[in-house]
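Below: the structure, in C-alpha coordinates.
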Amino acid sequence: MADRSQLFPAPRLILAALVAGVLAGAVAVYVSESASGNNAPTQVAASDGKDDAACAAKAERAKQVAAKATGQVAALLPADPPQSLKSLAFNGPDGKPMTVADHAGKTLLLNLWATWCAPCRAEMPALDALQKEMGSDRFQVVAVNVDTGDDTKPKKFLSDIGVATLGYYRDPTLALFNDVKTRGLALGLPVTMLIDGEGCLIAHMNGPAEWSGADARRLVEAALGPSS
(Lines give C-alpha, C1' and ligand atoms only; values in the text may rest on other atoms or scores of the structure.)
Protein backbone atom coordinates (compact mmCIF):
# COMPACT_ATOMS: atom_id res chain seq x y z
CA MET A 1 0.00 0.00 0.00
CA ALA A 2 1.34 3.43 -0.92
CA ASP A 3 2.48 5.73 1.87
CA ARG A 4 -0.43 8.15 2.48
CA SER A 5 2.06 10.97 3.06
CA GLN A 6 3.10 10.56 -0.56
CA LEU A 7 -0.51 10.61 -1.72
CA PHE A 8 -1.26 14.00 -0.22
CA PRO A 9 1.17 16.66 1.10
CA ALA A 10 1.36 18.01 4.61
CA PRO A 11 -1.18 20.68 5.62
CA ARG A 12 1.40 23.46 5.70
CA LEU A 13 2.47 22.58 2.17
CA ILE A 14 -1.16 22.63 1.06
CA LEU A 15 -1.57 26.07 2.64
CA ALA A 16 1.45 27.40 0.79
CA ALA A 17 0.30 25.77 -2.43
CA LEU A 18 -3.19 27.20 -1.97
CA VAL A 19 -1.85 30.74 -1.71
CA ALA A 20 0.35 30.24 -4.75
CA GLY A 21 -2.42 28.52 -6.65
CA VAL A 22 -4.98 31.24 -5.98
CA LEU A 23 -2.53 33.93 -7.08
CA ALA A 24 -1.60 32.01 -10.21
CA GLY A 25 -5.24 31.25 -10.89
CA ALA A 26 -6.24 34.87 -10.55
CA VAL A 27 -3.60 35.88 -13.08
CA ALA A 28 -4.48 33.09 -15.49
CA VAL A 29 -8.21 33.79 -15.31
CA TYR A 30 -7.66 37.52 -15.77
CA VAL A 31 -5.40 37.01 -18.77
CA SER A 32 -7.78 34.53 -20.40
CA GLU A 33 -10.83 36.72 -19.88
CA SER A 34 -9.00 39.85 -21.00
CA ALA A 35 -8.17 38.24 -24.32
CA SER A 36 -11.69 39.01 -25.51
CA GLY A 37 -11.49 42.62 -24.27
CA ASN A 38 -12.06 44.25 -20.92
CA ASN A 39 -15.59 45.19 -21.95
CA ALA A 40 -16.67 41.64 -22.73
CA PRO A 41 -20.21 41.03 -21.45
CA THR A 42 -20.46 39.38 -18.05
CA GLN A 43 -21.87 35.86 -18.26
CA VAL A 44 -25.03 35.48 -16.22
CA ALA A 45 -25.59 32.06 -14.68
CA ALA A 46 -28.54 30.28 -16.22
CA SER A 47 -31.29 29.61 -13.73
CA ASP A 48 -34.59 27.78 -13.84
CA GLY A 49 -36.91 29.29 -11.23
CA LYS A 50 -38.86 26.09 -10.71
CA ASP A 51 -35.72 23.99 -10.23
CA ASP A 52 -34.21 26.56 -7.87
CA ALA A 53 -37.38 26.59 -5.78
CA ALA A 54 -37.35 22.80 -5.52
CA CYS A 55 -33.68 22.85 -4.51
CA ALA A 56 -34.18 25.63 -1.96
CA ALA A 57 -36.60 23.35 -0.13
CA LYS A 58 -33.62 21.08 0.63
CA ALA A 59 -31.95 23.57 2.99
CA GLU A 60 -32.32 21.29 6.00
CA ARG A 61 -30.96 18.35 4.04
CA ALA A 62 -27.95 20.44 3.03
CA LYS A 63 -27.25 21.25 6.69
CA GLN A 64 -27.55 17.57 7.66
CA VAL A 65 -25.05 16.46 5.03
CA ALA A 66 -22.62 19.31 5.63
CA ALA A 67 -22.64 18.51 9.34
CA LYS A 68 -20.88 15.27 8.40
CA ALA A 69 -18.04 17.25 6.83
CA THR A 70 -15.46 16.96 9.57
CA GLY A 71 -11.72 16.49 9.86
CA GLN A 72 -10.00 16.64 6.50
CA VAL A 73 -13.12 17.84 4.66
CA ALA A 74 -14.32 20.26 7.35
CA ALA A 75 -14.04 23.25 4.99
CA LEU A 76 -17.13 22.05 3.10
CA LEU A 77 -20.04 24.45 3.64
CA PRO A 78 -23.79 23.77 3.30
CA ALA A 79 -25.46 25.44 0.32
CA ASP A 80 -27.33 28.50 1.57
CA PRO A 81 -29.72 28.13 -0.04
CA PRO A 82 -29.39 25.02 -2.20
CA GLN A 83 -29.72 25.94 -5.88
CA SER A 84 -30.08 24.07 -9.14
CA LEU A 85 -26.81 23.41 -10.98
CA LYS A 86 -28.41 21.38 -13.78
CA SER A 87 -27.26 23.88 -16.40
CA LEU A 88 -23.54 23.79 -15.58
CA ALA A 89 -21.92 22.79 -18.88
CA PHE A 90 -18.66 21.12 -19.87
CA ASN A 91 -17.38 18.48 -22.27
CA GLY A 92 -17.62 14.78 -21.42
CA PRO A 93 -14.92 12.13 -21.84
CA ASP A 94 -16.04 11.70 -25.46
CA GLY A 95 -15.43 15.40 -26.08
CA LYS A 96 -19.13 16.16 -26.57
CA PRO A 97 -20.97 18.93 -24.66
CA MET A 98 -22.96 17.87 -21.61
CA THR A 99 -24.41 19.34 -18.44
CA VAL A 100 -24.91 18.31 -14.82
CA ALA A 101 -28.47 17.36 -15.84
CA ASP A 102 -27.02 14.51 -17.91
CA HIS A 103 -25.99 12.86 -14.62
CA ALA A 104 -29.55 12.84 -13.26
CA GLY A 105 -30.07 10.30 -10.49
CA LYS A 106 -26.41 10.29 -9.46
CA THR A 107 -24.80 12.26 -6.61
CA LEU A 108 -21.78 14.16 -7.94
CA LEU A 109 -18.64 15.57 -6.40
CA LEU A 110 -17.96 18.18 -9.09
CA ASN A 111 -14.41 19.54 -8.95
CA LEU A 112 -12.89 22.29 -11.11
CA TRP A 113 -9.13 22.14 -11.52
CA ALA A 114 -6.23 23.33 -13.68
CA THR A 115 -2.62 22.29 -14.17
CA TRP A 116 -1.37 25.78 -13.22
CA CYS A 117 -3.13 25.48 -9.84
CA ALA A 118 -0.73 23.89 -7.32
CA PRO A 119 -3.36 22.71 -4.79
CA CYS A 120 -5.44 21.29 -7.65
CA ARG A 121 -2.48 19.18 -8.75
CA ALA A 122 -1.94 18.02 -5.16
CA GLU A 123 -5.48 16.71 -4.66
CA MET A 124 -5.98 14.93 -8.01
CA PRO A 125 -4.62 11.54 -6.77
CA ALA A 126 -6.97 11.73 -3.79
CA LEU A 127 -9.98 12.47 -6.01
CA ASP A 128 -8.94 9.55 -8.22
CA ALA A 129 -8.76 7.29 -5.16
CA LEU A 130 -12.23 8.40 -4.00
CA GLN A 131 -13.71 7.61 -7.40
CA LYS A 132 -11.99 4.22 -7.45
CA GLU A 133 -13.31 3.29 -4.01
CA MET A 134 -16.79 4.82 -4.03
CA GLY A 135 -17.71 5.42 -7.65
CA SER A 136 -20.94 3.63 -8.57
CA ASP A 137 -24.25 4.07 -10.34
CA ARG A 138 -25.17 6.34 -7.41
CA PHE A 139 -22.02 8.43 -6.98
CA GLN A 140 -19.32 9.87 -9.22
CA VAL A 141 -16.40 12.25 -8.96
CA VAL A 142 -16.54 14.60 -11.96
CA ALA A 143 -13.24 16.49 -12.13
CA VAL A 144 -13.40 19.12 -14.88
CA ASN A 145 -10.15 20.56 -16.18
CA VAL A 146 -10.37 24.25 -17.06
CA ASP A 147 -6.96 24.81 -18.68
CA THR A 148 -7.25 26.98 -21.77
CA GLY A 149 -5.76 25.59 -24.98
CA ASP A 150 -5.73 21.98 -26.12
CA ASP A 151 -5.73 18.74 -24.13
CA THR A 152 -1.99 18.04 -24.30
CA LYS A 153 -0.87 19.47 -20.96
CA PRO A 154 -3.74 18.24 -18.72
CA LYS A 155 -3.70 14.76 -20.24
CA LYS A 156 0.06 14.49 -19.81
CA PHE A 157 -0.19 15.62 -16.20
CA LEU A 158 -2.85 13.02 -15.35
CA SER A 159 -0.82 10.33 -17.10
CA ASP A 160 2.39 11.31 -15.31
CA ILE A 161 0.79 11.07 -11.83
CA GLY A 162 -1.06 7.84 -12.61
CA VAL A 163 -4.66 9.09 -12.48
CA ALA A 164 -6.59 6.39 -14.30
CA THR A 165 -10.05 6.11 -12.69
CA LEU A 166 -11.40 9.62 -13.16
CA GLY A 167 -13.21 10.41 -16.39
CA TYR A 168 -11.62 13.19 -18.46
CA TYR A 169 -13.97 16.18 -18.35
CA ARG A 170 -13.00 19.53 -19.87
CA ASP A 171 -13.97 23.15 -20.38
CA PRO A 172 -11.17 25.12 -22.10
CA THR A 173 -13.31 28.28 -22.43
CA LEU A 174 -13.52 29.30 -18.72
CA ALA A 175 -17.30 29.54 -19.17
CA LEU A 176 -17.88 26.92 -16.46
CA PHE A 177 -15.57 28.64 -13.98
CA ASN A 178 -17.19 32.00 -14.70
CA ASP A 179 -20.67 30.50 -14.25
CA VAL A 180 -19.71 29.08 -10.86
CA LYS A 181 -18.02 32.36 -9.91
CA THR A 182 -21.15 34.33 -10.88
CA ARG A 183 -23.15 32.11 -8.55
CA GLY A 184 -20.84 33.11 -5.69
CA LEU A 185 -19.38 29.61 -5.32
CA ALA A 186 -15.82 30.11 -6.61
CA LEU A 187 -13.08 32.33 -5.20
CA GLY A 188 -10.36 30.56 -7.18
CA LEU A 189 -9.31 26.98 -7.84
CA PRO A 190 -9.87 24.29 -6.86
CA VAL A 191 -13.58 24.54 -6.14
CA THR A 192 -15.67 21.48 -5.29
CA MET A 193 -19.45 21.11 -5.26
CA LEU A 194 -21.52 18.27 -3.83
CA ILE A 195 -24.61 17.90 -6.02
CA ASP A 196 -27.50 15.51 -5.44
CA GLY A 197 -29.25 13.32 -7.99
CA GLU A 198 -31.73 16.08 -8.85
CA GLY A 199 -28.98 18.54 -9.73
CA CYS A 200 -29.26 20.51 -6.49
CA LEU A 201 -26.16 21.97 -4.84
CA ILE A 202 -25.95 20.53 -1.33
CA ALA A 203 -22.53 21.77 -0.23
CA HIS A 204 -19.42 23.43 -1.63
CA MET A 205 -15.78 24.09 -0.84
CA ASN A 206 -13.03 26.43 -2.01
CA GLY A 207 -9.55 24.96 -1.71
CA PRO A 208 -8.17 21.41 -1.62
CA ALA A 209 -9.01 18.52 0.69
CA GLU A 210 -7.89 14.96 1.41
CA TRP A 211 -10.61 13.27 -0.63
CA SER A 212 -9.20 9.76 -0.24
CA GLY A 213 -9.53 9.64 3.54
CA ALA A 214 -12.14 8.27 5.91
CA ASP A 215 -13.66 11.72 6.47
CA ALA A 216 -14.46 12.05 2.76
CA ARG A 217 -15.96 8.56 2.65
CA ARG A 218 -18.26 9.35 5.58
CA LEU A 219 -19.34 12.54 3.84
CA VAL A 220 -20.21 10.67 0.65
CA GLU A 221 -22.11 8.03 2.62
CA ALA A 222 -24.11 10.79 4.32
CA ALA A 223 -24.90 12.37 0.95
CA LEU A 224 -26.14 9.03 -0.37
CA GLY A 225 -28.12 8.13 2.75
CA PRO A 226 -31.72 9.09 3.57
CA SER A 227 -32.48 12.42 5.19
CA SER A 228 -33.11 12.26 8.92
Side-chain angles (χ1 to χ4, degrees), residues 22 25 29 33 41-70 73-92 97-114 117 120 123 127 130 138-146 167 169-171 173-209 211 216 218-228:
V22 168
V29 169
E33 290 179 338
T42 301
Q43 181 174 0
V44 178
S47 176
D48 185 315
K50 185 178 296 186
D51 286 336
D52 278 337
C55 291
K58 299 184 180 186
E60 189 59 35
R61 171 63 173 163
K63 291 178 182 178
Q64 291 173 1
V65 173
K68 302 296 184 181
T70 60
V73 295
L76 196 79
L77 300 174
D80 184 23
Q83 60 179 283
S84 176
L85 297 186
K86 285 182 179 181
S87 65
L88 291 186
F90 41 87
N91 293 334
M98 68 183 311
T99 66
V100 165
D102 291 315
H103 293 272
K106 183 177 291 189
T107 295
L108 303 180
L109 191 73
L110 178 64
N111 175 275
L112 275 57
W113 69 281
C117 163
C120 300
E123 74 174 353
L127 287 166
L130 179 62
R138 299 180 61 213
F139 172 76
Q140 183 177 353
V141 178
V142 177
V144 184
N145 175 263
V146 296
Y169 294 87
R170 274 276 279 160
D171 174 37
T173 70
L174 285 176
L176 174 60
F177 175 80
N178 287 332
D179 190 345
V180 174
K181 183 172 67 173
T182 299
R183 295 170 184 269
L185 301 176
L187 301 176
L189 292 176
V191 58
T192 306
M193 293 153 281
L194 185 62
I195 304 170
D196 73 9
E198 295 180 335
C200 297
L201 175 69
I202 297 300
H204 58 99
M205 175 192 296
N206 277 273
W211 294 110
R218 282 191 290 270
L219 172 65
V220 173
E221 288 166 357
L224 294 176
S227 58
S228 57

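For clarity, every value in this text was computed on a predicted model and none was experimentally measured.
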Nearest heavy-atom approach of V100 to G199 is CG1-CA, 4.3 Å
Please report the C-alpha distance between F139 and L130 in whole Å, then the side-chain angles of each, then the deciding distance to 0.1 Å, and finally whether the side chain to side chain contact (heavy atoms under 4.5 Å, CB included) criterion is met. CA-CA 10 Å; F139 172 76; L130 179 62; 4.2 Å; yes
Looking only at heavy atoms, the pair that brings A223 and L194 closest together is CB-CD2, 3.9 Å
Let me confirm one number: the NZ-CG distance from K181 to L187, rounded to the nearest 0.5 Å. 10.5 Å
What is the minimum heavy-atom distance between A222 and V65, and which atoms define it? O-CG2, 4.1 Å
Test log, rule side chain to side chain contact (heavy atoms under 4.5 Å, CB included), inputs L88 and R183: CA-CA 11 Å; L88 291 186; R183 295 170 184 269; 3.8 Å; yes
Side chains of F90 and M98 in contact at under 4.5 Å (non-hydrogen atoms): yes
Distance (rounded to the nearest 0.5 Å) between D196 CG and R61 CZ: 8.0 Å
Roughly how far, to the nearest 0.5 Å, is the CG atom of L201 from the NZ atom of K58? 11.0 Å
Between N111 and T192, a side-chain donor and acceptor under 3.5 Å: yes
Do W113 and L189 make a side-chain contact, defined as non-hydrogen atoms from C-beta onward lying under 4.5 Å apart? no
More than 12 heavy atoms from other groups under 6.0 Å of NZ on K68: no
Between S87 and T99 the two heavy atoms that sit nearest each other are O-CG2, 4.1 Å
Check whether any side-chain heavy atom of L109 sits under 4.5 Å from a side-chain heavy atom of V220, and report yes or no. no
I need the I202 CD1 to L77 CG distance, nearest 0.5 Å. 13.5 Å
Any side-chain to backbone donor/acceptor pair from D52 onto S84? Under 3.5 Å, distance only. yes
Please report the interatomic distance CG(L85) to SG(C55), rounded to the nearest 0.5 Å. 7.5 Å
Quick check for you: to the nearest 0.5 Å, what is the distance between L112 atom CG and N206 atom CG? 10.5 Å
Residues F177 and G188: closest non-hydrogen pair is CE1-O, 3.7 Å
Heavy atoms only: give me the nearest P190-P208 pair and the separation to one decimal. CG-N, 3.7 Å
